[in-house]
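Reading through the structure tokens given below for one structure.
Note that ligands are numbered from 1 as they come in the structure, with each ligand's atoms numbered from 1 the same way. Values below: every heavy atom of this structure, side chains too, minus hydrogens, waters and symmetry copies.
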Amino acid sequence: MKFFVDSADLDQIAALNDIGLVDGVTTNPSIIAKSGRDFKEVVAEICALVEGPVSAEVIAMDTDGMLAEGRELRKIADNICVKLPLTMEGLKACKIFSREGISTNVTLCFSANQALLAAKCGASFISPFIGRLDDITQDGIELIEDIRMIYDNYGYETEILAASIRNVNHIKDCALVGADVITSPPDVIRKMANHPLTDAGLAGFMKDWKKTGQTIL
Ligand code: E4P
């Protein structure tokens with residue numbers, strides 16, 4: 001399973017990247033606004049840091065505008081993945097980019113039918129937002145499961161990029177139902193390493209080791 005970081009925080013991305021936990025990055029207009037940085041500048045820095053795809057989202061609502069913005073964003077770096085909204089206009093832009101071999105991430109997906117359309121339009125990634133579905137008491141993981149089955153039924157190569165991750169259980173459940181990628185806030189990825197029994201076990205080992213009076217180096 002690939003791990004993308006859902007953030008524009010360079011320090012956080014770099015720290016996880018140094019561990020080898022970053023296969024890509026996703027941003028959206030809200031994340032860029034939160035960073036307080038210039039969009040193209042911060043995305044260029046992320047692209048230079050990370051080898052994998054970096055999603056940068058268009059803001060135009062019409063296909064021509066999306067195509068123009070997407071092409072502009074692609075000038076930033078070769079690993080830019082153009083993020084497009086799941087609208088008919090966005091799907092049309094997706095199909096055109098797909099024919100040109102340009103990587104796309106179709107975002108704001110909340111249903112299996114939407115994901116089916118994105119696959120038919122050649123999306124590189126589909127982003128179902130599981131946390132936002134859970135927020136309205138719908139089952140986000142069930143959506144990932146449905147999309148997995150549909151894509152496997154027909155051999156679609158669009159990768160399922162589970163987005164709107166809120167907690168570590170989301171990541172585990174996405175892995176269990178076969179999401180190709182998760183994109184997560186950095187702190188949730190870090191929390192995956194935590195377990196109270198690991199902490200307690202380590203404290204016990206260190207206490208006993210002290211009794212031996214030995215050193216390794
Ligand atoms: C995905 O690409 C989105 O940027 C993101 O996962 C949205 O998550 P949110 O629902 O926490 O805003």
Side-chain angles (χ1 to χ4, degrees), residues 1-10 12-13 16-17 21-37 39-40 42-43 45-47 49-50 52-60 66 69-70 73 76 79-87 90-91 93-94 97 102-111 114-115 117-119 121 123-144 147 158-175 177 179-192:
M1 177 191 247
K2 291 179 211 164
F3 277 24
F4 288 2
V5 182
D6 200 26
S7 172
D9 183 325
L10 265 294
Q12 297 266 20
I13 297 167
L16 288 170
N17 197 40
L21 288 174
V22 181
D23 300 304
V25 171
T26 51
T27 65
N28 64 37
S30 305
I31 287 172
I32 297 300
K34 189 176 161 203
S35 78
R37 301 273 319 272
F39 180 27
K40 289 184 192 171
V42 73
V43 166
E45 288 174 27
I46 297 170
C47 285
L49 190 69
V50 169
V54 175
S55 291
E57 189 161 341
V58 300
I59 46 124
M66 290 176 197
E69 289 179 0
L73 292 170
I76 296 173
N79 54 337
I80 282 284
C81 173
V82 180
K83 207 172 184 189
L84 300 160
L86 210 155
T87 58
L91 290 169
C94 178
F97 279 140
I102 290 175
S103 170
T104 52
N105 174 359
V106 177
T107 190
L108 290 167
C109 169
F110 295 95
S111 78
Q114 288 181 317
L117 289 175
C121 291
S124 314
F125 299 98
I126 181 68
S127 287
F129 277 37
I130 62 177
R132 293 193 194 188
L133 278 172
D134 288 357
D135 289 345
I136 58 160
T137 67
Q138 288 188 20
D139 193 337
I141 297 298
E142 197 177 291
L143 173 60
I144 304 289
I147 299 171
T158 299
E159 291 188 62
I160 304 173
L161 198 179
S164 190
I165 297 279
R166 300 277 160 77
N167 55 58
V168 293
N169 285 336
H170 275 158
I171 298 181
K172 179 196 70 177
D173 292 340
C174 282
V177 300
D180 298 291
V181 193
I182 52 95
T183 188
S184 166
D187 64 306
V188 179
I189 294 176
R190 292 187 166 279
K191 281 182 191 154
M192 291 172 75

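- Ile130 approaches Gly140 most closely through the heavy-atom pair CG2-O, 3.3 Å.
- Geometrically, ligand 1 and Asn28 share a nitrogen or oxygen pair separated by less than 3.5 Å.
- Note: no N/O pair closer than 3.5 Å links Thr107 and ligand 1 by distance alone.
- In this structure, Ile144 and Ala179 approach most closely via the heavy-atom pair CG2-CB, 3.9 Å.
- Closest of all the heavy-atom pairs between Thr27 and Ala56 is OG1-CA, 3.8 Å.
- For Arg166, a nitrogen or oxygen atom sits less than 3.5 Å from a nitrogen or oxygen atom of ligand 1, counting backbone and side chain alike.
- Considering backbone and side-chain N/O atoms, Arg132 comes within less than 3.5 Å of an N/O atom of ligand 1.
- Among protein heavy atoms, atom 7 (C) of ligand 1 sits closest to Phe129 CE2, 3.5 Å.
- Looking at atom 8 (O) of ligand 1, its nearest protein heavy atom turns out to be Ser164 CA, 3.4 Å.
- To the nearest 0.5 Å, atoms CG (Leu16) and CG (Asp187) are separated by 9.5 Å.
- The protein heavy-atom contact nearest to atom 5 (C) of ligand 1 is Asp6 OD2, 2.8 Å.
- Heavy-atom contacts of Ala163 reach the following atoms of ligand 1: 1 (C), 6 (O) (cutoff under 4.0 Å).
- When only interatomic distances are considered, the shortest N/O to N/O separation between Thr183 and ligand 1 does not fall below 3.5 Å.
- Separating the CG atom in Leu161 from the SG atom in Cys81 is a distance of 8.0 Å, to the nearest 0.5 Å.
- Taking a 6.0 Å sphere around CD1 of Ile59, one finds it holds 12 or fewer heavy atoms contributed by other residues, nucleotides or ligands.
- Taking every non-hydrogen atom of Lys83 and a distance limit under 4.0 Å, the qualifying atoms of ligand 1 come out as 1 (C), 2 (O), 3 (C), 4 (O).
- Under the 4.5 Å side-chain criterion, counting only non-hydrogen atoms from C-beta, Ile171 is in contact with Met192.
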